[in-house]
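Single-structure report; data block below.
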Amino acid sequence: MTGRLRRPLVAGNWKMNGLRESVAIVEAVRNGLTPRMREAVDVLICPPSTLISSCVAAVYDTPIAIGGQNLHAKASGAFTGSISAEMLADLGATYVIVGHSERRAYHHETDDGVHAKALGARRAGLCGIICVGETKEEREEGRTLDIVRAQLAIGVPKGANARDTVIAYEPVWAIGTGLTPTPADIAEVHASLREMLGQIIGSEAQKVRILYGGSVKPGNARELMAVENVDGALVGGASLVAEDFLGIIAACA
Ligand code: 13P
């Protein structure tokens with residue numbers, strides 16, 4: 001971990017998984033955090049919005065943060081089924097994932113939409129985790145850096161800072177597949193993202209955390225987290241198993 005400037009963040013994205021009984025996972029993570037983990041790592045769990053309230057209650061008086069997985073850019077209005085940043089904040093959420101590749105693929109989210117949502121998160125005082133990543137085809141065509149840099153250039157609002165913004169690099173082909181890029185490939189992308197971020201927000205870019213996501217497991221976390229400019233992980237499947245999520249947190253501590 002290179003994070004002298006940057007405290008690592010391990011974030012769990014539960015996606016569309018979890019019923020009320022799943023709050024037990026949050027309780028198990030809470031109970032399994034060692035003093036070393038608490039001292040060294042920021043921990044975030046993003047359950048489905050139906051569970052945010054109960055998860056917030058479960059982490060009361062602990063350092064674990066709770067976040068949303070998506071938001072509407074506007075604060076309120078006639079947008080049936082949508083949830084605003086203000087509503088997430090009202091429940092006690094402090095982070096929100098913005099522009100996850102599943103939102104981009106299944107809900108046609110664009111980079112401009114990501115930008116608007118990042119502004120919405122900031123307006124309500126939430127930290128937005130802006131996701132970028134290339135598809136398998138884009139990587140095979142050698143377009144990875146072009147794709148993720150463009151996603152960042154459009155998605156990240158001017159004036160973003162390390163308190164209101166986290167970046168997550170999640171190659172689409174690595175999500176839920178058990179495949180991961182090589183450490184060298186991740187280092188190349190993260191360095192390029194930080195350079196691009198510098199063009200958008202100047203020296204503040206050095207303080208913004210850039211997470212890696214895509215098939216992070218306890219068994220590969222240490223190697224992935226040791227890569228330069230990797231400041232933590234965005235974890236899908238493994239965040240649904242308390243022991244695995246704790247193993248990943250331990251690898252960052
Ligand atoms: P997996 O960890 O299941 O590959 O999911 C990654 C992800 O999409 C987190 O947002």
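For reference, positions follow the sequence shown, starting with 1. Read the numbers this way: they start at 1 and go in the same order the structure lists the ligands and their atoms. None of the values given here were measured: they were computed from a predicted structure.
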(message) Checking the N or O distance criterion of under 3.5 Å, is ligand 1 in contact with G237?
(response) yes
(request) State which residues pass side-chain hydrogen bond (donor to acceptor under 3.5 Å, both in side chains) with E243; sequence neighbours excluded, sorted by chain then number. (result) none
(message) Would you compute the distance between atom CG of D231 and atom CZ of R6 and round it to the nearest 0.5 angstrom?
(response) 4.0 Å
(request) Please determine if H100 has a nitrogen or oxygen closer than 3.5 Å to a nitrogen or oxygen of ligand 1. (result) yes
(request) Check whether the side chains of E134 and W173 place a donor and an acceptor atom closer than 3.5 Å, and report yes or no. (result) yes
(message) With nothing but distance in play, are any N or O atoms of G213 less than 3.5 Å from an N or O of ligand 1?
(response) no
(message) Would you compute the distance between atom SG of C55 and atom CZ of R20 and round it to the nearest 0.5 angstrom?
(response) 12.5 Å
(message) If I take atom SG from residue C127 and atom CG from residue N161, how far apart are they, to the nearest 0.5 angstrom?
(response) 8.5 Å
(request) Mark up the atoms of ligand 1 that fall under 4.0 Å of a heavy atom belonging to S215, in ascending order. (result) 1 (P), 2 (O), 4 (O)
(request) For atom 2 (O) of ligand 1, find the nearest protein heavy atom and state the residue, atom name and distance (0.1 Å precision). (result) G236 N, 2.8 Å
(message) Is the contact between I175 and ligand 1 made by the side chain, the backbone, both, or neither, using heavy atoms and a 4.0 Å cut-off?
(response) both
(message) Regarding atom 7 (C) of ligand 1: of the candidates E170, Q69, K217, E102, which has the closest heavy atom?
(response) E170
(request) For L234, counting its heavy atoms only, list the atoms of ligand 1 lying under 4.0 Å from any of them. (result) 9 (C), 10 (O)
(message) Parallel, tilted or perpendicular, judged at 30° and 60°: which one describes the rings of H190 and Y169?
(response) perpendicular
(request) Measure the distances from the heavy atoms of G214 to every atom of ligand 1 and state whether one is below 4.0 angstrom. (result) yes
(request) Inspect the surroundings of NZ in K207 and state if more than 12 heavy atoms from other residues, nucleotides or ligands are less than 6.0 Å away. (result) no
